[in-house]
Number of protein chains: 2
Amino acid sequence: MVRQPTMKDVAALAGVSLSTVSRVVNGDPGRPDLAEKVQRAIDVLGYRRDMTASNLRRADRTSASVGLVVADVANPFFAALLRGVEDLARTRGVLTYAGSSDEDPDRERELVQGFTARRVDGLVIVPSGGDDSYLLREQQAGATLLFVDRPGVTLNVDTVLSDNAGGIATAVRHLHAHGHRRIAFLGDLQRIFTSRERLRGYREALAGLDIPVDESLIRLEVHNSQAAAEVTRELMARSDPPTALLTAQNLITIGAIHALRSRQLHHGVAHVGFDDLVLADALDPGITVVAQNPSSLGERVGTLLFERLDSVTGPPRRIIVPTTLIPRGSGEIGPRQ
Amino acid sequence: MVRQPTMKDVAALAGVSLSTVSRVVNGDPGRPDLAEKVQRAIDVLGYRRDMTASNLRRADRTSASVGLVVADVANPFFAALLRGVEDLARTRGVLTYAGSSDEDPDRERELVQGFTARRVDGLVIVPSGGDDSYLLREQQAGATLLFVDRPGVTLNVDTVLSDNAGGIATAVRHLHAHGHRRIAFLGDLQRIFTSRERLRGYREALAGLDIPVDESLIRLEVHNSQAAAEVTRELMARSDPPTALLTAQNLITIGAIHALRSRQLHHGVAHVGFDDLVLADALDPGITVVAQNPSSLGERVGTLLFERLDSVTGPPRRIIVPTTLIPRGSGEIGPRQ
DNA sequence: CTGAAAGCGCTTACAG
DNA sequence: CTGAAAGCGCTTACAG
């Protein structure tokens with residue numbers, strides 16, 4: 001391991017002062033002959049500036065890095081979101097830290113504090129829903145905070161959300177238009193904001209259609225595919241089964257697909273899932289879904305972030321990204337056939 | 001934006017020297033009464049150490065951060081790999097930068113140089129296959145380099161790979177065991193190492209089975225689903241179509257699935273895909289795949305990385321992570337039925 | 001315009 | 001053990 005050359009080395013080789021090297025490195029023209037000598041020394045030594053030292057002394061203290069805390073970077077939804085943020089950051093020469101909280105408030109806090117200790121310029125957080133008052137201190141210390149996918153609890157900052165309630169409501173009305181009134185709702189953990197929003201969309205859409213809510217058709221706290229499959233089988237074994245299924249999350253949708261197929265019910269029960277799935281269009285019937293747009297969420301939150309970093313002032317903004325119903329067959333099955 | 005409190009502020013409030021604060025922050029015991037005074041001042045001010053400054057002066061110059069350059073963080077394979085690295089890094093209090101090269105050597109280089117300029121301790125790279133001699137300088141400067149998913153071109157460092165050739169060979173033998181001799185191979189861009197390896201596995205497996213290679217059944221440079229669907233339709237429209245399809249990548253598999261279904265051939269032509277897919281088991285027939293283990297790749301590369309950072313010496317190591325054939329129906333269809 | 005000096009927020013010899 | 005001083009690799013007033 002060789003010692004990395006420093007500005008001092010460059011200055012010595014070029015026969016100029018440290019200040020002159022710094023100015024050349026920072027693009028300040030100065031005397032052309034000196035600039036050229038410095039550039040030559042830089043090339044010879046293979047010098048590259050230490051951004052951490054540069055950042056330490058610089059007046060604006062900007063590190064050209066941002067941190068993103070999501071529930072799980074391996075989840076395709078959050079991976080697409082990360083990519084959206086990264087693409088926007090790249091256009092500004094900003095690099096992206098990524099971390100997974102696994103919905104654990106303690107891990108969220110560790111990640112956030114790790115990022116701020118490394119002096120990120122901005123921090124994009126998918127809040128896990130715990131006490132987020134600790135973020136106040138990060139904010140006061142200068143970190144530009146944004147929430148994405150879910151709003152904060154105590155903190156009110158720029159936030160980008162999917163239209164969860166609206167997307168589910170569209171799905172309910174779509175099923176109703178195909179003749180359904182007994183629509184079961186399978187939802188995730190209610191401590192997650194998006195789960196609560198989707199349930200709200202379900203209730204409000206039914207109310208708007210003057211359909212009384214049958215609470216026995218609402219099954220919550222379903223957090224994985226296996227649980228979803230069990231719940232689906234249970235619902236379909238009833239003497240008065242639902243004629244349609246609304247699955248409010250990816251893994252739930254997958255579980256329901258398996259359960260319906262194993263009971264040969266996939267041509268007899270309507271099904272709409274929230275979140276799109278690879279191969280959903282290759283199944284028979286294709287799975288009708290309400291698709292979110294995670295990379296758009298990422299881009300939007302990135303745009304807001306860099307606007308703030310460019311010192312846009314004003315009250316916190318909230319952006320709702322629309323969802324899209326994609327009919328593929330399963331959502332267009334009628335109540336009896 | 002309030003100025004972040006510094007060690008100097010803590011020292012002033014606690015009535016001790018800067019050195020004492022530094023020692024307390026770094027866990028050096030010292031006089032208990034002083035340590036307590038310092039801790040109180042830290043709590044009152046909400047002081048948190050600036051890691052970038054700490055790193056600058058520290059003897060080992062370690063930043064507790066690593067950088068990961070993959071082709072695309074939004075690709076589920078690379079997202080799982082990222083998660084594997086992150087999980088291992090977290091156990092050491094190390095944070096992870098992530099970046100997407102989109103297979104572009106220039107973007108790869110920009111990302112790498114951005115990470116090293118921020119003095120990451122380690123750098124995990126999925127090399128895009130261009131000239132990687134620039135990495136030599138990064139390595140000499142002290143960055144611990146590792147390759148994952150693909151080996152480097154000029155540089156020989158610790159590398160973690162999937163058993164691409166072996167996985168494809170297993171698939172060929174599996175199809176052969178079910179009676180196939182005319183097995184078409186659809187491969188991705190041959191400038192990508194994994195694509196070449198998979199083709200090699202195909203050729204070697206056929207040779208091992210004493211089946212002459214029919215070059216007209218090999219279709220390469222297929223880079224997306226649409227192209228794969230077209231190639232599939234073209235192959236199946238021949239007077240002597242293949243009886244089995246081997247699709248060497250995720251998007252190719254998806255394209256082939258669509259093409260076979262649109263021609264009602266999915267129950268008549270055998271099909272094995274490389275890389276697992278969500279819902280592959282919900283299709284009829286289920287799609288037989290050779291599954292990679294990306295999170296295991298991530299963990300393995302993380303393990304190697306931290307061993308090196310703990311100053312393990314010795315020659316570069318190469319780890320091959322096995323793949324798994326998962327029979328689900330499509331790969332068990334016979335040549336004529 | 002350039003260069004010498006101070007300083008960013010820390011850690012680390014060194015003296016007491 | 002503690003504290004004063006030097007220094008990590010830079011940037012930034014400031015003097016010439």
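Just so it is clear, the model here is predicted, and its values are computed rather than measured. When reading the values below, keep in mind they use all heavy atoms of this one structure, side chains included, and skip hydrogens, waters and symmetry mates. Quick note on labels: first sequence line is chain A, next is B, and so on, each numbered from 1.
Listed pair B:Ser54 / C:dT11 meets the phosphate criterion, a side-chain N or O lying under 4.0 Å from OP1 or OP2. Within the 4.0 Å cut-off from OP1 or OP2 of C:dT2, not a single side-chain nitrogen or oxygen of A:Thr20 is found.
Listed nucleotides D:dT2, C:dC10, D:dT11 differ in distance to A:Asn26; the shortest reach to its side chain belongs to D:dT11. Distances from the side chain of A:Arg49 to the nucleotides D:dC10, D:dC1, C:dC10 place D:dC10 closest.
Put simply, CD1 on B:Ile42 is 13 Å from C1' on C:dC10, counting in whole angstrom units. Regarding A:Lys8, its NZ atom lies at a distance of 16 Å from the P atom of D:dT11, rounded to whole Å. Straight-line distance from the CZ atom of A:Arg58 to the C1' atom of C:dG7: 15 Å, rounded to whole Å. Rounded to an integer number of Å, the gap from A:Asn55 CG to D:dC8 P is 19 Å. The distance from atom CE of A:Met7 to atom C1' of C:dA5 is 16 Å, rounded to the nearest whole Å. D:dG3 atom P lies 7 Å from atom CZ of B:Arg31, rounded to whole Å. One atom, OH of A:Tyr47, and another, P of D:dG9, lie 10 Å apart when rounded to the nearest Å. The interatomic distance linking A:Arg57 (CZ) with D:dC8 (P) rounds to 16 Å, in whole Å.
At the heavy-atom level, B:Ser19 lies under 4.0 Å from base atoms of the strands shown.
Base pairing of D:dA4 is not made with any nucleotide, judged by Watson-Crick or G-U wobble geometry with both donor-acceptor distances under 3.5 Å.
Looking at A:Glu86 and A:Thr96, their side chains never bring a donor and an acceptor atom within 3.5 Å of each other.
Of all the heavy atoms in A:Val73 and B:Ala79, the pair that sits closest is O-CB, 3.5 Å. Shortest non-hydrogen contact noted between A:Ser100 and B:Arg83 is CB-NH1, 3.4 Å. The two atoms that bring A:Arg58 and A:Asp60 nearest to each other are CD-OD1, 2.7 Å, heavy atoms only.
Taking the nucleotide of DNA chain C with the nearest heavy atom to each of A:Leu18 and A:Asp28, the more 5' of the two is matched to A:Asp28. In terms of position along DNA chain D, the nucleotide closest to A:Arg48 lies nearer the 5' end than the nucleotide closest to the other residue of the pair A:Arg48 and A:Arg23. Residue-to-nucleotide proximity on DNA chain D shows that, of B:Ser17 and B:Leu56, the 5′-proximal contact is made by B:Ser17.
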For this session: Tell me, with the steps shown, if A:Ser22 and A:Ser19 meet side chain to side chain donor-acceptor pair (under 3.5 Å).
Result: CA-CA 5 Å; A:Ser22 175; A:Ser19 325; over 6 Å; no
